[in-house]
2 protein chains.
Amino acid sequence: MITQKAKYALRALTVLAEADDGEPVMISDIAAQQKIPKKFLEQILLDLKHQGIVVSRRGKQGGYLLLKPADMITFGEVLRIIDGPIAPLPCLSITAYRKCDDCDGEQNCEIRHVFAKVADATRKVLFSTTIADAVAPRGAEVTRMLA
Amino acid sequence: MITQKAKYALRALTVLAEADDGEPVMISDIAAQQKIPKKFLEQILLDLKHQGIVVSRRGKQGGYLLLKPADMITFGEVLRIIDGPIAPLPCLSITAYRKCDDCDGEQNCEIRHVFAKVADATRKVLFSTTIADAVAPRGAEVTRMLA
DNA sequence: CTTAATCTCTATTGATTTAGTAGGGTTACA
DNA sequence: TGTAACCCTACTAAATCAATAGAGATTAAG
């Protein structure tokens, strides 16, 4: 299960993706629109800012904007920032590798082998889907495939 | 990330799969062989027993045995018992479906749509791999595919 | 029939994570 | 210079994780 926080982050980004270019969106607007507790959303957007996903403008007329185009922001990178490693085992994580203390001999660990396949399949989906895909009207994906 | 408990469960089952047919294996032997805290393993095996994965014999010469052949026990069903739902969102769970309180209109929820693909991919791997696969010598899978 | 070995079950515990809340501090537009 | 907005840190209640503890039930062996 992904955390509530990650769900909030993804929803918030879709709001930013739908905003007019260069027009900052206020935290309170995003919170209201997506029913996200405002103070919690603040933290989330701050994280996303620190990790180079969004930028902010302070003071009156301030708010948040996407730093990169929506079709350059993948679900995978957002999940990594908010929820941490994608991999189901520490010894399979790309960003936070840690040897399993029990299984010695990773090459021979069949459990690892199975979960490596899970991790691959998961990454394929998460890193090939972007915020733009989440905003696109229904059927857009199919349309793109036929083009 | 799967829990430590799930990893222990899978390892314990591979030990049972490797035991001679009809020969019960004691908790302490499994614990020693796989470096699992014995009392913790007790609980795990009890769970697996209640869920019809293994059977036990009490008293002297007692121990645990697989209830089904190892190639009929999938990683997926073990994970469900120990860690709960496979799906990354409650609204995608087969065994523990729960409507997301925020996203109304599941058909139109694009986040759900993306994670549905993740869930499908994960299930494909987890329910097509069995304890027998985890015990089989390296390369067995390839051999089977070429046959 | 007693004893020791073995599984059975429930409760408890400490650490960590999750999902927020709280409350100032800082910036910048008007 | 006021005040609307983001910035940042700390705190907390509840749940989950990874065990540990200990009494009870069952069975094989002597």
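Here is the naming used below: chain letters follow the sequence lines, and residue numbers restart at 1 for every chain.
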Measure distances between side-chain N and O atoms of A:Gln43 and base N and O atoms of C:dT21, and say whether any donor-acceptor pair falls under 3.5 Å. yes
With hydrogens left out and only the distance checked, is there a donor-acceptor pair under 3.5 Å joining A:Lys38's side chain and the base of C:dG20? no
Looking at A:Tyr8, does any N or O in its side chain come under 4.0 Å of the phosphate oxygens OP1/OP2 on C:dA19? no
I need the CD1-P distance between A:Ile36 and C:dT21, as an integer number of Å. 13 Å
From CG of A:Asp47 over to P of C:dA19, roughly how many Å is that when rounded to an integer? 14 Å
Looking at B:Leu126, is its backbone amide N or carbonyl O close enough to the side chain of B:Thr129 to form a donor-acceptor pair, meaning the two atoms are under 3.5 Å apart? no
Any side-chain heavy atom of B:Pro90 sitting closer than 4.5 Å to one from B:Tyr97? no
Taking CZ from A:Phe40 and C1' from D:dA13, how many angstroms apart are they, rounded to a whole number? 14 Å
Quick one: does A:Ser93's side chain get under 4.5 Å of A:Arg98's, heavy atoms only? no
D:dC8 phosphate, OP1 or OP2: any side-chain N/O from A:His50 under 4.0 angstrom? yes
If I take atom NZ in residue A:Lys49 and atom P in nucleotide D:dC6, what distance separates them, rounded to the nearest angstrom? 11 Å
Given side chains that start at C-beta, do those of B:Ser56 and B:Lys49 come closer than 4.5 Å, heavy atoms only? yes
By the 4.0 Å heavy-atom rule, please label B:Leu45 as base, sugar-phosphate, or nothing. nothing
Would you indicate which nucleotide in D:dA18, C:dT8, C:dA19 comes nearest to any side-chain atom of B:Thr3? D:dA18
What integer distance in Å separates B:Ile27:CD1 from C:dA5:C1'? 12 Å
Starting from P on C:dA28, measure out to CE on A:Met26 and report it in whole angstrom. 18 Å
Residues touching DNA chain D, which here means a heavy atom under 4.0 Å, drawn from residues 56-65 of chain B: B:Arg58, B:Gly59, B:Lys60, B:Gln61
Measure the distance from CG on A:Leu46 to P on C:dT26 and round it to the nearest whole Å. 15 Å
Check for a donor-acceptor pair, side chain of A:Asp83 on one end and backbone N or O of A:Arg80 on the other, with a separation under 3.5 Å. no
Rounded off to whole Å, could you give me the CG-to-C1' distance for the A:Leu48 and D:dC7 pair? 15 Å
Pairs in or reaching into residues 55-72 of chain A: which pass salt bridge (Lys or Arg N to Asp or Glu O under 4.0 Å), with residues at least two apart or in two chains? A:Lys68-A:Glu77
Given side chains that start at C-beta, do those of B:Val15 and B:Tyr64 come closer than 4.5 Å, heavy atoms only? no
